[in-house]
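I have placed the structure first, in the form of structure tokens, so that the comments after it can refer back to it.
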Protein chains: 2
Amino acid sequence: MKGKPFDPIPRGKRAFEEVAGAIKNTILGRVWSPGERLPSETELASQFGVSRHTIREALRTLELSGLIAIRTGVAGGPVVKDTIMASIGNLYLDAFQMEKISVEEFTGARQAIEKVILDDAFDNAGQEDIENLRRNVAKAKALVAKREIAKDVNFEFHSLLARASKNKVFVILEKTINTIHHDLRSRSPVDFKTTKAAVEAHEMLLDALISKERDKAMSILVKHIAAVRKSYH
Amino acid sequence: MKGKPFDPIPRGKRAFEEVAGAIKNTILGRVWSPGERLPSETELASQFGVSRHTIREALRTLELSGLIAIRTGVAGGPVVKDTIMASIGNLYLDAFQMEKISVEEFTGARQAIEKVILDDAFDNAGQEDIENLRRNVAKAKALVAKREIAKDVNFEFHSLLARASKNKVFVILEKTINTIHHDLRSRSPVDFKTTKAAVEAHEMLLDALISKERDKAMSILVKHIAAVRKSYH
DNA sequence: TCACATTTGTCCGTATGTATC
DNA sequence: AGATACATACGGACAAATGTG
């Protein structure tokens with residue numbers, strides 16, 4: 001049992017904002033961690049001293065922020081999650097549509113950002129990062145050998161590269177890039193040839209990284225992303 | 001008068017999600033543009049054939065996404081806005097707290113990204129961009145001469161640089177960087193010396209840009225951002 | 001300045017759907 | 001299969017904010 005960390009809220013801003021802020025603080029402060037269940041709506045309503053409707057609006061904002069998920073049913077209720085990156089990616093999609101950003105602009109930015117990430121990975125990647133990348137490529141090659149699509153595994157390669165840069169900002173940026181890439185890709189079917197080419201590029205990139213051939217790795221990366229762009233339609 | 005672009009909604013997903021999606025499409029599709037007022041909650045409720053409560057939850061999500069703002073009072077109601085960048089910035093702040101991202105990591109990423117932006121600005125900046133940057137620096141120098149804080153003007157310099165890169169993705173990224181920077185800065189008072197140093201760095205950077213001294217500009221930029229980091233505390 | 005109309009903010013009560021045990 | 005504990009949605013009511021005459 002976890003007690004009642006919530007006090008009745010004062011009325012400065014809108015009530016649901018106060019409630020959302022209070023719950024958010026308990027999540028960011030690790031009072032509850034991802035996976036744990038928050039109290040039900042009625043319970044929260046009584047603890048905060050507000051109506052269920054107010055609680056619902058607060059939970060809506062937290063849900064959209066990617067801090068919680070809500071399940072119906074008897075064992076349901078608000079559960080702490082950390083899908084903030086996906087939420088950021090969704091907002092970027094909105095922004096792209098509002099600003100009418102082209103696939104060319106996105107690809108250009110992606111090339112530049114991933115070059116930066118790769119550059120940092122050259123400086124900061126440890127043995128463990130190399131091993132993770134090796135395993136990823138091996139897994140992808142195994143799938144290709146069975147003529148299966150290795151989409152998720154290929155996404156993971158770039159995430160691992162970002163993690164090897166040792167900068168969590170790049171990890172976040174890479175996740176948003178993945179979200180947008182995933183959205184663009186979802187409009188056109190993924191064919192086997194594209195997957196196979198990507199895996200080959202990843203393998204060459206990893207080899208260049210291991211043998212410390214920076215310029216070679218950069219040129220492979222740029223060509224790889226340019227090839228990915230062509231698969232969008 | 002603008003008619004009634006909304007049809008009664010079917011019940012597949014949650015009702016408020018359908019409503020939010022429908023309204024979002026009208027905004028992204030420019031049926032309404034920023035500044036225009038959407039119908040009131042009761043009006044929307046009757047058009048969609050749902051309760052006002054459902055409409056309110058839908059509007060909440062759109063508000064948090066930065067697509068609309070809501071004002072109370074007789075001339076109030078939901079107004080179309082485009083503050084998506086601010087929303088993205090806020091989510092990044094959450095992510096930073098969840099992942100415990102350090103100021104050093106943020107600064108490192110900022111240096112790398114702004115270097116990329118500057119590099120593109122060297123290739124793509126037109127005469128108009130140079131003029132805008134010139135005017136910005138002149139305005140900032142005038143404020144410094146009066147010993148005033150030129151915070152907003154200094155933010156604008158980096159935005160103008162992003163625009164000169166001719167890639168809207170960088171414009172968006174720069175806005176999120178500004179939001180985070182603004183949050184970090186808001187915790188410590190802005191002193192005059194920092195502002196003055198920033199303006200001087202901007203002027204040197206612009207000179208190097210005009211005289212096409214790429215390496216010099218890069219080194220000025222990196223030092224400038226490092227100096228900004230020290231002003232956070 | 002003051003009353004008034006409009007719109008959001010909040011509350012209460014009720015009914016229904018849904019997932020778990 | 002049925003009871004239970006949740007979220008989802010509806011309707012009505014009043015308070016608070018805000019622009020208008």
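These values consider heavy atoms only, across backbone and side chains, with no hydrogens, waters or symmetry-generated copies. Chain naming here is simple, since letters A, B, ... match the order of the sequence lines and numbering starts at 1 in each.
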> Nearest-Å distance, CD (B:E41) to C1' (D:dC10)?
Replying inline: 15 Å
>> Tell me the interatomic distance from A:R14, atom CZ, to D:dT18, atom P, rounded to whole angstroms.
In response: 11 Å
> Quick one: B:L59 CG to C:dT8 P, roughly how many Å, whole number?
Replying inline: 8 Å
> Can you check whether A:F106 and A:H181 have ring centres sitting under 6.0 Å from each other?
Replying inline: no
>> Could you check whether A:F16 and A:H53 have their ring centres less than 6.0 Å apart?
In response: no
> Which whole-number value in Å describes the distance from B:H53 NE2 to C:dG13 P?
Replying inline: 16 Å
>> For a side chain to side chain donor-acceptor pair (under 3.5 Å) check, start with the C-alpha distance between A:T194 and A:D191, then their side-chain angles and the critical distance, and finish with the verdict.
In response: CA-CA 6 Å; A:T194 308; A:D191 64 301; 2.5 Å; yes
> Taking atom C1' of C:dT20 as reference, at what distance in whole Å does atom CZ of A:R71 sit?
Replying inline: 10 Å
> OP1, OP2 of D:dC6 versus side-chain N and O of A:T42: anything below 4.0 Å?
Replying inline: no
> Quick one: is D:dA5 close enough that its OP1 or OP2 comes under 4.0 Å of any side-chain N or O from A:S40?
Replying inline: no
> Rounded to the Å, how far apart are B:I70 CD1 and D:dA17 P?
Replying inline: 17 Å
>> From CD of A:E17 over to P of C:dT8, roughly how many Å is that when rounded to an integer?
In response: 16 Å
> Can you check whether A:T72 has a side-chain N or O nearer than 4.0 Å to OP1 or OP2 of D:dA7?
Replying inline: no
> What's the CD-P distance between A:E57 and D:dA7, to the nearest Å?
Replying inline: 16 Å
>> For B:E18, is there an ion pair with B:K13 - N to carboxylate O distance below 4.0 angstrom?
In response: no
> C:dT8 base to B:R60 side chain: any donor-acceptor pair below 3.5 Å?
Replying inline: no
> How far apart are the C-alpha atoms of A:R52 and A:T42, what are their side-chain angles, what is the distance that settles it, and do they pass the side chain to side chain donor-acceptor pair (under 3.5 Å) test?
Replying inline: CA-CA 6 Å; A:R52 269 191 69 224; A:T42 47; 5.6 Å; no
> What nucleotide among D:dC10, C:dC12, D:dT8 has an atom nearest to a side-chain atom of A:S51?
Replying inline: C:dC12
> Is a donor-acceptor pair below 3.5 Å formed from side chain B:R52 to base C:dG9, judging by atom type as modelled?
Replying inline: yes
